[in-house]
Amino acid sequence: WRMTVGVRVPLRLADAHGRVATDLRVSLTDRCNLRCTYCMPADGLQWFPTDEVLTDAEVLRVLAIAVGQLGVTRIRFTGGEPLLRRSLEDIVAGAARLRTRSGGTPELSLTTNGIGLDKRVTALVAAGLNRVNVSLDSLDRDRYAALARRDRLDAVLAGLAAAEAAGLLPVKVNAVIMRGHNEADVVPLAQFCLERRYQLRYIEQMPLGPQHQWDRSQMVTQAEILALLGERFDLAPAAEPRGSAPAELWRVAPDDRQPGGLLGVIPTVTGPFCAACDRTRITADGQIRTCLFSRTETDLRTPLRHGASDLELAELWAGAQGLKAPAHGIGEPGFVQPTRTMSAIGG
Ligand code: SAM
Ligand code: SF4
C-alpha cells in the first residue's frame, strides 16, 4: 500500500500504457541440461556466480512482495531449467502458502524441458503446483537430439506422461519450429497432443538466442505453421478472445485419426501481443525485467540484501514496471537484441 493524499492506495504493477502486470515469471537458475540451438550456444554460457543467485529465502521474500503488495496472482517458475533447482519443491510449497489480495492462492506453474519431471512431479503437485508447460520440439529422436544437442527425447516423454498421470491438466506443450530442422514435426506434434488432449503451442523463434543467430527471414512464421497444419487438419480460428494470453488459438475438427481440439501459435514476432501483456519478470540473479526484450533492468537483489523493507522493494518494482516500454520493437529499425539470452532471462 502507499499513501496518496491521506488515502491508502494499493500498490500495483501499472505502466504508462494502461497495462497492469499480475503474472510473474520467476527464473530459478540460468543453468540447463540441454543446449537448444535457439536458446544457448553449444558450449553453454558463463553461469551466474552462485552468490549472485537469489537464495530460497530471497526468492520467497520476492514472491511474497509480488503477491502480497503488488497484486500478482500468477507465478510461473522457469529458467534455465527450473528442475535443476533442487529446492524447487520447497519454493513451490512456500509460494502456495501465499495469499493474493483477494485471499486466494496464487496460480503456480512450471515451464520445463521435462527431464526428471517424472521423478518429481508427485512431490511438486503435493507442494501446490497447478500447471506445467513442457517444451518438446520434435518427436523424432534424431531431430530432437540435433535441436537440443542432447539425446533426451525419452526422458522428456516420460516427464510428460508423468505430468498427465499426476493430474496437471491440461498438460501444455511448447514447440519452437526452426527452418530446416523440425518443420516435419509440426503435424506429428499436433497429432500427438490432440490424441492426448495436451494443449500444444507453437512458438515463433525470437531473437533471444546466441547473438547474431536470429534472422527474421529464416524464422518459421505463424502463417507457415498454419499452412503446414492446414495440409493435414481442418482448422478454424477459435472463438475464445485472446486476452492477455499470448497464443492465438485454432480449433481442429475431429476426424477418424484424432479427436479434435485446440492448437495455439504464439506469434511473438509476426503478431505481437504487447498491448495486452500482463507480465513482469525476475531473473535468477534478482533483476527485475519488465519485458523479455528489455535493454535495461532494475536491481532488486542489492537493496534486498542491504536491508530494504518490503515496502521499499515493492515501490522499486512498481517504479520499474511504470517504465515498461509499450512494445518489444522487434522489426523496428532501432531494435537491438538484449545482452542476456533467453536462459539467463527466464523464458
Ligand atoms: N528450460 C525450460 C524449457 O525449455 O521449457 C524453461 C526455460 S526456456 C528458456 C522457456 C521456453 O522458451 C521454452 O519453451 C523454449 O522453447 C523457449 N525459447 C527459448 N529460446 C527461445 C527463442 N529464441 N525463441 C522462442 N522461444 C524460445
Ligand atoms: Fe535449456 Fe529451456 Fe534453453 Fe532448451 S530452451 S537450452 S531446455 S533453457
- Item | Steps toward side-chain contact (heavy atoms from CB on, under 4.5 Å) verdict (T73, D278) | CA-CA 11 Å; T73 56; D278 63 355; over 6 Å; no
- Query: For E297, which residues count as a side-chain hydrogen bond (donor to acceptor under 3.5 Å, both in side chains) partner, sequence neighbours excluded?
  - Reply: R289, R340
- Message: Applying side-chain contact (heavy atoms from CB on, under 4.5 Å) to L70 and I65, what does each step give before you reach the verdict?
- Response: CA-CA 7 Å; L70 292 167; I65 292 168; 4.1 Å; yes
Just by distance, do the side chain of [X] and the backbone of [Y] share a donor-acceptor pair under 3.5 Å?
X	Y	value
R301	E52	yes
R150	L147	no
Q321	R279	yes
R76	S27	no
D185	L189	no
T341	P210	no
Q69	P10	no
E224	T221	yes
E204	Q222	yes
Y202	V186	yes

Would a single hydrophobic cluster contain both [Y] and [X], if residues Ile, Leu, Val, Met, Phe, Trp and Tyr are joined by side-chain heavy-atom contacts under 4.5 Å?
X	Y	result
F273	F335	yes
V156	L84	no
I115	L139	yes
I345	V53	no
V171	L194	yes

Could you tell me whether the side chains of [X] and [Y] share a donor-acceptor contact shorter than 3.5 Å?
X	Y	value
S138	N182	no
S109	R74	no
E81	T112	yes

Can you confirm whether [X] sits close enough to [Y] that some side-chain heavy atom of one is under 4.5 Å from a side-chain heavy atom of the other?
X	Y	answer
S135	N174	yes
V176	M206	no
K324	L13	no
L63	L24	yes
T268	H328	yes
R131	L168	no
W250	I225	no
L88	L28	yes

Supply the atom-to-atom distance [X] [atom1] to [Y] [atom2], rounded to the nearest 0.5 angstrom.
X	Y	atom1	atom2	value
D142	L153	CG	CG	10.0 Å
T105	R97	OG1	CZ	12.0 Å
L262	L235	CG	CG	10.5 Å
L311	L316	CG	CG	11.0 Å
T100	E107	OG1	CD	11.5 Å
I282	I288	CD1	CD1	5.5 Å

- Item | Nearest non-hydrogen partners of P338 and P207, listed with the distance | CD-O, 4.1 Å
- Considering all heavy atoms, the nearest L263-A190 contact: CD1-CB, 3.9 Å
- Salt bridge or not for E58 and R305, using N-O below 4.0 Å? yes
Only pairs under 3.5 Å count here: list side-chain donor-acceptor contacts from residues 33-49, not counting sequence neighbours, and write none if there are none.
unit_1	atom_1	unit_2	atom_2	d
N33	OD1	N113	ND2	2.9
R35	NH1	C32	O	2.8
Y38	OH	D137	OD2	2.5

- Task: Tell me, with the steps shown, if L110 and L117 meet side-chain contact (heavy atoms from CB on, under 4.5 Å).
- Result: CA-CA 11 Å; L110 177 71; L117 184 61; 4.3 Å; yes
- Message: Could you walk me through whether R232 and D255 satisfy the side-chain contact (heavy atoms from CB on, under 4.5 Å) test, starting with their C-alpha distance in whole Å, then the side-chain angles of each, then the deciding distance to 0.1 Å, before giving a yes or no?
- Response: CA-CA 10 Å; R232 159 69 185 86; D255 59 34; 2.9 Å; yes
